[in-house]
Amino acid sequence: MAGPPRRLARSPQVGGHEVRDLELRGVHGAGMPGPASKRRVPVSQPGMADPHQLFDDTSSAQSRGYGAQRAPGGLGYPTASASPQSAFLGDPVSNMAMAYGSSLAAQGKELVDKNIDRFIPVTKLKYYFAVDTMYVGKKLGLLFFPYLHQDWEVQYQQDTPVAPRFDVNAPDLYIPAMAFITYVLVAGLALGTQDRFSPDLLGLQASSALAWLTLEVLAILLSLYLVTVNTDLTTIDLVAFLGYKYVGMIGGVLMGLLFGKIGYYLVLGWCCVSIFVFMIRTLRLKILAEAAAEGIPVRGARNQLRMYLTMAVAAAQPLLMYWLTFHLVR
């Protein structure tokens, strides 16, 4: 028979829960290390981030993505992703657009070339610049000493004039263009030696020379139209012949800077007479030769008008040479 249950004596050091908690708090409050308190940490469900974590851990996702992008060969390298340029070029619509754009560009270039050649004869301009050093030397000698030259006929080959480098009588644009640029530079030098140089004045000098040249060409074309002259003298030929006077203007201004007004008048007078003779003998073949070929009498009225026109063009060159240079020498 079992006896009555024994009652265990409760020790005074081991009290209830309240006494134990007070003792533990007292020990921790005194600065002594106590046993780690057991806390129940809520278990996070898979796929959900820790609420106490500031940033998401993406290392596992990257590793999973890295493993998913492995090459089919099994070497462990990620497959190279296609760039936007290669994707664009691989698109058939983009290829068709590029082909259409290139065809439009080719058609536009062809159209521009045709229009430029119609308004600006590039192929003809190449002929006027086909010169060499020997031609330039002979042509300058002809401009300063036209009295020694005998044969003024322009040579032809299969109904087309030969290039200027093969015929000293052929007109060119190289000497007039270079002479015009040199004239502007010499004018600036002359103005600088007289303490009168300014960019505006130099630009006015160049624009005045171009304006007078344009007026000359227009006046001659109008005169040829009124006189009804059938000639092969083109507008470019006129620009070339009228541009030769800048060579004499350069010589006159340079001599004026070196020897004063006496040198200027002597050299410019010689150049004026030379250009007058040169223009008479050159334009005579261009204007009067057509009249002779048409059977017009030498003393006819129309032929006299052509002769007067030739002399007027030749006489205008010395006047313009003096007008464009007299103020540069003082």
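FYI, side chains are in, hydrogens and waters are out, and symmetry mates aren't considered; it's all heavy atoms of this structure. Bear in mind the structure is a predicted one, so any value in this text is a computation, not a measurement.
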Are there more than 12 heavy atoms of other residues, nucleotides or ligands under 6.0 Å from atom [atom1] of [X]?
X	atom1	value
Tyr308	OH	no
Tyr174	OH	no
Tyr156	OH	yes
Ile262	CD1	no

Which atom pair, heavy atoms only, marks the closest approach of [X] to [Y]?
X	Y	value
His149	Val168	CE1-CG1, 4.0 Å
Ser223	Leu309	CB-CD1, 3.5 Å
Ser274	Tyr147	OG-OH, 3.2 Å
Leu328	Gln194	O-NE2, 2.7 Å
Val131	Tyr128	CG1-O, 4.3 Å
Ala240	Pro171	CB-CB, 4.0 Å

Side chains of [X] and [Y], heavy atoms from C-beta outward: is any pair under 4.5 Å?
X	Y	value
Pro161	Tyr127	yes
Asp172	Pro176	yes
Asp167	Val154	yes
Ile287	Leu224	yes
Leu143	Phe278	yes
Tyr244	Lys139	yes
Cys271	Met249	no
Val313	Leu242	yes

For the side chain of [X] and the backbone of [Y], is there at least one donor-acceptor N/O pair under 3.5 Å apart?
X	Y	value
Thr231	Lys286	yes
Thr282	Met279	no
Arg281	Pro146	yes
His327	Val329	no

Rounded distance [0.5 Å steps], [atom1] in [X] versus [atom2] in [Y]:
X	Y	atom1	atom2	result
Leu213	Leu218	CG	CG	9.5 Å
Leu320	Leu215	CG	CG	9.5 Å
Leu221	Leu233	CG	CG	8.0 Å
Leu305	Thr228	CG	OG1	8.5 Å
Tyr322	Leu319	OH	CG	10.5 Å
Ile175	Phe129	CD1	CZ	11.0 Å

- Message: Before we go on, tell me: are the rings of Phe180 and Tyr246 under 6.0 Å apart, centre to centre?
- Response: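 When the ring centroids of Phe180 and Tyr246 are compared, they turn out to be within the sub-6.0 Å range.
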- Message: Considering only residues two or more places apart or on different chains, which pairs with a residue in residues 236-263 satisfy salt bridge (Lys or Arg N to Asp or Glu O under 4.0 Å)?
- Response: Glu216-Lys245
- Query: With sequence neighbours excluded, what pairs up with Tyr264 under the ring-ring contact (aromatic ring centres under 6.0 Å, His included) test?
  - Reply: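 Checked Tyr264 against ring-ring contact (aromatic ring centres under 6.0 Å, His included); zero matches.
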- Using 30° and 60° as the class limits, which term best fits the ring planes of Trp323 and Phe326: parallel, tilted or perpendicular? tilted
Side-chain donor-acceptor pairs under 3.5 Å in residues 182-193, sequence neighbours left out?
| residue | atom | partner | partner atom | Å |
| --- | --- | --- | --- | --- |
| Thr182 | OG1 | Met178 | O | 2.7 |
| Tyr183 | OH | Gln205 | NE2 | 2.6 |
| Tyr183 | OH | Leu324 | O | 2.8 |
| Thr193 | OG1 | Leu189 | O | 3.4 |
| Thr193 | OG1 | Ala190 | O | 2.7 |

